[in-house]
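Notes to accompany the following structure.
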Amino acid sequence: FARIRKIMLPKDYLVYCLTGVHATDYSDASGMLLLDVEHKCWSRDMLALCGISESQMPRLYESFAPVGTLLPETAAALGLPQGVTVCAGAGDNAAAAVGTGTVSTGAAHADSRCNISLGTSGTIFISSEKFGVDATNGLHAFAHADGGWHLMGCMLSAASCNKWWMDEIIGTKDYAEEQAKIQKLGENNVYFLPYLMGERSPHNNPNARGTFIGLTMDSTRADMTQAVLEGVAFAIRDSFEVAKSLGIKIERTKICGGGAKSPLWKKMIANILNIKVDVIESEEGPALGGAMLAAVANGEFASVEDAAAKIVKVTGTVEPEPELAAKYLQGLYSEEYQSGVVEDGGFVSAIEGINEKYMKDGVMKEYYTIAKEQGKLCPDPIVAKADAAKVYANVTEVSPNLGQIVQGVLTGKTDYKESLQTLSDNTQKAWDEAIAKAQEGGADVSAADFEFANWNPLEDYTTESYNNR
């Protein structure tokens, strides 16, 4: 790094060529691992760790701030008048969020906080007026182009999964014709894990791989096409569920990107996430967002929120269908999907089914009813975050018997009440050793570090006791 005079991101080099100003914006800088995102300044600790001086780094601006004007020679070369203002700009997902009007979380904008992008990669973007971090690092916490912050789940292969399947495997360019053959939504017995390039959010596993699950002699080409589209939607739901676990309530989302052109895919997103999907007039969220930031920088609008309110138009809404959403919920927690996700490292999706299946409809219904009547319903009685994967792996290694019980509960093969008794009968040593190993590996095991023998679900099933554990 000592040989480098100035460090720039790609768009910042363009700004430098246009204006001669060395600048970047907070949203793009958030992904450099050199920014103190919460306080919006360069992290001296990270710079020192990398051997970089602050003089090498660009000056930081809000995305909508003007950073300079065109250089005379640049204006002449481009055929533009001198004095044209250039703003800092934004990262692609932050700009897409601006272009879809995902710019505020105030009471008046509660329905404008989420955007899903179905591009080569896929993202779920949730705007926030406050900085917040997901403790499991399942979601990114970045600065937003509107001056606030956002949480973002990013999967590496979204629409690119569909392109791979259509172009490379089936050998067709007529995507619409292939999708027209799909008729029975929510009833597909074939599942697809879209980890063709490893996975980022929320699993952070470069070794995860794409997988088809549930194939039989009856499986059709349409079933597999449907599984690819649904698999991407389920993967987006993984990040969506992490956001929900943080207490974020999302009832609708905007959508953009090439995949958003597909009515079928939008319907899947609406029902798999069970939220309303708003379709906007412009399909090109990032480009429109960049233009809107420039308009704010030139004083055409008072703020990014003001620009979004006047420019972004919703042309339609895809509503979830209760019956179909229920089918997808059941499919998400099927044994085949859970087993495949567990084996492939995606632990969150597998465990999410426990609350629905065992707390409301299954053998734990009596506990659920008692707790609800007493007003002491625990928000999450099972350790269901990514750290649980480390605990599970170590439990299996220390005590195969205990590991089989845990996996049995996850996949629905083991009665939950019987499992509680069996867990209580197992030696505390096995569990303690597993916790210790997981902790050595960097897992947050505070929620799992308690004695099974002293835990009575009927008496100890409260939010307070769960938080204490």
Side-chain angles (χ1 to χ4, degrees), residues 11 15 18 23 25-28 30 40 61-70 80-81 83-119 123-130 142-152 248-261 266 269-270 275-319:
K11 77 173 192 338
V15 170
L18 293 171
D25 79 294
Y26 295 115
S27 73
D28 220 3
S30 295
K40 293 188 173 181
Y61 290 85
E62 293 289 359
S63 300
F64 50 84
V67 300
T69 56
L70 288 180
L80 295 171
V84 171
T85 301
V86 179
C87 72
D92 52 359
N93 287 298
V98 171
T100 59
T102 311
V103 296
S104 178
T105 60
H109 304 276
D111 291 337
S112 302
R113 68 189 314 180
C114 184
N115 179 59
I116 290 173
S117 176
L118 287 177
T123 60
I124 179 166
F125 185 109
I126 303 163
S127 63
S128 174
E129 293 170 340
K130 298 179 180 179
F142 283 178
H144 190 6
D146 66 355
W149 289 267
H150 71 267
L151 288 173
M152 182 176 67
I248 299 172
K249 186 177 181 180
I250 301 170
E251 296 182 349
R252 66 194 311 141
T253 183
K254 307 283 180 54
I255 193 166
C256 67
K261 298 177 182 179
K266 285 182 287 196
I269 292 286
I275 57 176
K276 298 175 183 178
V277 175
D278 293 324
V279 181
I280 62 171
E281 187 175 44
S282 172
E283 295 177 346
E284 299 301 330
L288 177 60
M292 290 164 63
L293 293 171
V296 175
N298 279 279
E300 292 295 321
F301 300 98
S303 66
V304 177
E305 290 84 358
D306 181 41
K310 295 176 180 176
I311 294 176
V312 179
K313 307 296 181 184
V314 174
T315 59
T317 299
V318 182
E319 301 264 357

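Everything quoted here is computed from the prediction, not taken from an experiment. For reference, positions follow the sequence shown, starting with 1.
- In this structure, the ring of F125 has its center less than 6.0 angstrom from the ring center of H144.
- Looking at I126 and M152, their side chains never come closer than 4.5 Å, going by heavy atoms from C-beta outward.
- In this structure, S27 contributes its side chain and A143 its backbone to no donor-acceptor pair below 3.5 Å.
- Partners of K11 under the salt bridge (charged side-chain N to carboxylate O under 4.0 Å, His left out) rule, at least two apart in sequence or in another chain, are D25, D28.
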Notebook entry, point to check: Could you go step by step and tell me if T69 and V86 meet the side chain to side chain contact (heavy atoms under 4.5 Å, CB included) rule?
Noted result: CA-CA 6 Å; T69 56; V86 179; over 6 Å; no
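- Across F64 and A145, no two heavy atoms sit closer than the pair CD2-O, 3.3 Å.
- Exactly one residue among I275, I124, T100, T102 makes a side-chain contact (heavy atoms from CB on, under 4.5 Å) with T253. That residue is I275.
- Nearest heavy-atom pair, V103 versus A308, reported as atom, atom and distance to 0.1 Å: CG2-CB, 3.9 Å.
- Residues L293 and V304 are in side-chain contact: their nearest non-hydrogen atoms beyond the backbone lie under 4.5 Å apart.
- Here the CD atom belonging to E129 is positioned 15.0 Å from the NE2 atom belonging to H150, to the nearest 0.5 angstrom.
- A 4.5 Å side-chain heavy-atom check between F301 and I311 finds at least one atom pair inside the cut-off.
- Here the CH2 atom belonging to W149 is positioned 10.0 Å from the OG atom belonging to S30, to the nearest 0.5 angstrom.
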Checklist line | I280 vs T315, side chain to side chain contact (heavy atoms under 4.5 Å, CB included): CA-CA, chis, key distance, verdict | finding: CA-CA 5 Å; I280 62 171; T315 59; 6.0 Å; no
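- Considering only heavy atoms from C-beta on, M292 stays 4.5 Å or farther from V296 through its side chain.
- A search for side chain to side chain contact (heavy atoms under 4.5 Å, CB included) contacts involving A270 returns V277, V318, not counting sequence neighbours.
- Side-chain contact between E281 and V312 is absent, with no heavy atoms from C-beta onward closer than 4.5 Å.
- Between the side chain of S303 and the backbone N or O of D306 there is at least one donor-acceptor pair closer than 3.5 Å.
- Residue V15 comes nearest to A88 through the heavy atom pair CG2-O, 4.5 Å, listed as atom of the first residue, atom of the second, then distance.
- With rounding to the nearest 0.5 Å, the separation of CG in N115 from SG in C256 is 4.5 Å.
- Counted within 6.0 Å of NZ on K40, heavy atoms from surrounding residues, nucleotides or ligands total more than 12; the atom is thus considered enclosed.
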Margin query: Determine whether V279 and K254 satisfy the following criterion, side chain to side chain contact (heavy atoms under 4.5 Å, CB included), listing intermediate values before the conclusion.
Written below: CA-CA 6 Å; V279 181; K254 307 283 180 54; over 6 Å; no
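- In terms of heavy-atom proximity, G290 sits nearest to A95 at N-CB, 4.4 Å.
- Side-chain contact between P66 and N298 is absent, with no heavy atoms from C-beta onward closer than 4.5 Å.
- Atom OG of S128 is separated from atom CZ of R113 by 7.0 Å, given to the nearest 0.5 angstrom.
- Between the side chain of K276 and the backbone N or O of E319, no donor-acceptor pair lies under 3.5 Å.
- When all heavy atoms of C114 and I250 are compared, the pair lying nearest together is CB-CG2, 3.9 Å.
- Every residue two or more places apart in sequence or in another chain that forms a side chain to side chain donor-acceptor pair (under 3.5 Å) with T317 is listed here: D278.
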